[in-house]
Amino acid sequence: MKPDFISPATTMGFRQALLAHYDRAARDLPWRRDRDPYRILVSEFMLQQTRVETVVKYYDPWLERFPSLLALAEASEDEVLKAWEGLGYYRRARNLHQAARIIVESHSGSVPTDLEALRALPGVGEYTTGAVASIAFDVPTPAVDGNVRRVLARFFDEERPDPAWLRRVAREILSRDRPGDWNQALMELGATVCKPRSPRCDRCPVSRWCSAYALGTVDERPASPPRREIKKSVVTLAVFHCRGEVFLQRRPESGLLAGLWAFPEYGHEIVSSYAVHLGLSPMGKPTALPPVEHRFTHLHVRYVPTMLEVDRDERVGGVGERGRWVGLDGLEDLALPVAQRKVFESCLKHLK
DNA sequence: CTCCGGGTTT
DNA sequence: AAACCCGGAG
């Protein structure tokens, strides 16, 4: 049903019942303790592509490290990435950092209330604009995330909700009185009741108005598009160690794990030749470490690490600007992608 | 183990 | 359209 017309009775019932449910059942989440725009902004960046339970573990430490927009703006990128380590989608951390700097420089240090100014910040798209504006500033504007999309598709039995349909419907049913709570209530319903799989319609406060529930199509709304094929690849990593340190390289500024530290990848040559290529002197025989499997969105990588003790001539340098040696106990201070950390841990195990 | 979910940018 | 990350669910 494409609701050209949504009956006022449905709208009113939906709003009243869902807000009442939210008042009763809203989870006590750390970013709901107040309406500080900076804190809302941080939570929304972290919540992009990431579940609430994961974000909860990072949120308070982040605010302790960067208690204000200004503190964040003044931090170095390395500090920011370190605090983000493990959350994934590291571009979000850079975007948040940049956004803080822009807000300090161009908006007098206050998160802009204006929708267009918000939308112009790096890492802030349509959803985040609506979420921050409605939650922090009570602006009556929708915030359609994946949860809301699913809830609305089911409520109106829309098989393929496109962005224009979603915008229109979300705007029409939006509570004018409590837009921030309303948007959060919709998302919360999607996260806790109207879940992608095994939805709990028996516990749903709005099932009596839900079209898919009435029609028995809940499990098919919204229809999921066919998945793209996931490519598989094998990457050989060199784990050079020397006097209690290992060698890391900063990855290129674009592409996979852009700008993060990682063990160097080498191609089809043998690892000793690669060491020589970097100006290092192989000291013993290479040792194969167990492969580490890691899944990215579009890629399934099997990392095959080979460990090799080397000597390095301080006068030569050799390893280039993008390389650095890090003590085996000094990696805690470095932002390292999860797969690289796994490689590092198996290397540690081997060395002791 | 495999599958799946989720916003923004380019 | 494709790229980007991790962890929970089944």
Side-chain angles (χ1 to χ4, degrees), chain A residues 40-59 81 83-99 102 118-133 135 142-154 161-163 166-167 170 183 186-188 190-200 219-233 235 251-262 291-303 335-343:
Chain A
I40 303 295
L41 190 70
V42 169
S43 73
E44 290 303 336
F45 267 80
M46 289 186 171
L47 287 163
Q48 290 168 6
Q49 313 298 289
T50 306
R51 346 164 35 83
V52 164
E53 303 80 62
T54 305
V55 171
V56 164
K57 297 197 284 269
Y58 285 79
Y59 186 73
L81 287 171
W84 200 268
E85 183 191 0
L87 263 179
Y89 288 101
Y90 297 94
R91 177 160 300 175
R92 294 181 298 165
R94 295 198 179 86
N95 284 339
L96 178 56
H97 190 208
Q98 272 310 111
I102 290 168
L118 271 175
R119 181 68 178 78
L121 296 170
V124 178
E126 186 171 346
Y127 160 75
T128 307
T129 301
V132 171
I135 298 170
V144 179
D145 72 346
N147 288 311
V148 175
R149 177 177 181 274
R150 186 173 58 255
V151 169
L152 296 181
R154 286 174 176 167
D162 60 61
L166 283 165
R167 265 194 292 272
N183 286 333
L186 271 180
M187 293 188 267
E188 181 117 343
T192 60
V193 175
C194 198
K195 298 180 291 181
R197 285 170 298 181
S198 316
R200 300 300 304 267
D219 288 337
E220 300 140 49
R221 300 288 181 269
S224 41
R227 290 234 144 209
R228 290 200 311 276
E229 187 182 350
I230 305 288
K231 285 168 266 183
K232 295 181 196 300
S233 72
V235 170
R251 295 180 52 85
E253 293 308 319
S254 64
L256 194 66
L257 302 172
L260 298 173
W261 292 99
V292 169
E293 305 285 347
H294 195 70
R295 213 175 270 282
F296 296 93
T297 309
H298 55 299
L299 202 59
H300 182 181
V301 180
R302 162 179 285 235
Y303 289 105
L336 211 56
V338 167
Q340 304 295 317
R341 196 159 283 275
K342 286 185 199 160
V343 171

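Chain letters run A, B, ... following the sequence lines, proteins first, then strands; residues in each count from 1. These values consider heavy atoms only, across backbone and side chains, with no hydrogens, waters or symmetry-generated copies.
Comparing dT10(B), dG7(B), dG5(B) by their closest approach to the side chain of Arg150(A) singles out dG5(B). Which of dT8(B), dT9(B), dG8(C) sits closest to the side chain of Tyr127(A) comes down to dT8(B). The side chain of Arg197(A) approaches dA9(C) more closely than any other nucleotide in the set dG7(C), dT10(B), dA9(C). The side chain of Pro196(A) lies closest to dG5(B), out of dG5(B), dG10(C), dG7(C).
The CD-C1' distance, from Glu53(A) to dG7(C), rounds to 10 Å in whole Å. Atom CD of Gln340(A) and atom P of dC6(C) are 10 Å apart (whole Å). Rounded to whole Å, the distance from CE on Met46(A) to P on dG5(B) is 25 Å. Straight-line distance from the CH2 atom of Trp84(A) to the P atom of dC5(C): 12 Å, rounded to whole Å. Atom P of nucleotide dG6(B) and atom CZ of Arg149(A) are separated by 8 Å, given to the nearest angstrom. In this structure, CG of Asn95(A) is placed 11 Å from P of dC5(C), rounded to the nearest angstrom. Protein atom OH of Tyr90(A) is 8 Å distant from nucleotide atom C1' of dC6(C), rounded to whole Å. Gln49(A) places its CD atom 13 Å from the C1' atom of dG7(C), with the value rounded to the nearest Å.
Interatomic distance, CG of Leu87(A) versus CG of Leu47(A), reported as 9.5 Å (0.5 Å rounding).
For a distance-only test at 3.5 Å, the side chain of Gln48(A) fails to qualify as a donor-acceptor partner of the base of dG6(B).
When heavy atoms are screened at a 4.0 angstrom cut-off, Glu126(A) is found touching the sugar-phosphate backbone but no base atom. In this structure, Tyr89(A) reaches the bases: a heavy-atom distance under 4.0 Å links it to at least one base atom across the strands shown. Note on Arg94(A): nothing from the nucleic acid sits closer than 4.0 angstrom, heavy atoms only. At the heavy-atom level, Thr128(A) lies under 4.0 Å from the strands shown only through sugar-phosphate atoms. At a threshold of 4.0 angstrom between heavy atoms, the contacts of Arg51(A) are confined to the sugar-phosphate backbone, with no base atom among them.
Neither side chain, Asn95(A) nor Arg92(A), offers a donor N or O lying under 3.5 Å from an acceptor on the other.
Residue-to-nucleotide proximity on DNA chain C shows that, of Lys195(A) and Leu87(A), the 5′-proximal contact is made by Leu87(A).
The environment of CD in Glu126(A) is sparse: at most 12 heavy-atom neighbours from other residues, nucleotides or ligands sit within 6.0 Å.
Every residue two or more places apart in sequence or in another chain was checked for a side chain to side chain donor-acceptor pair (under 3.5 Å) with Gln49(A), and none qualifies. For Tyr127(A), there are no ring pair (Phe, Tyr, Trp, His ring centres under 6.0 Å) partners at least two apart in sequence or on another chain.
Residue Ser198(A) has a polar side-chain atom (N or O) positioned under 4.0 Å from OP1 or OP2 of dG10(C).
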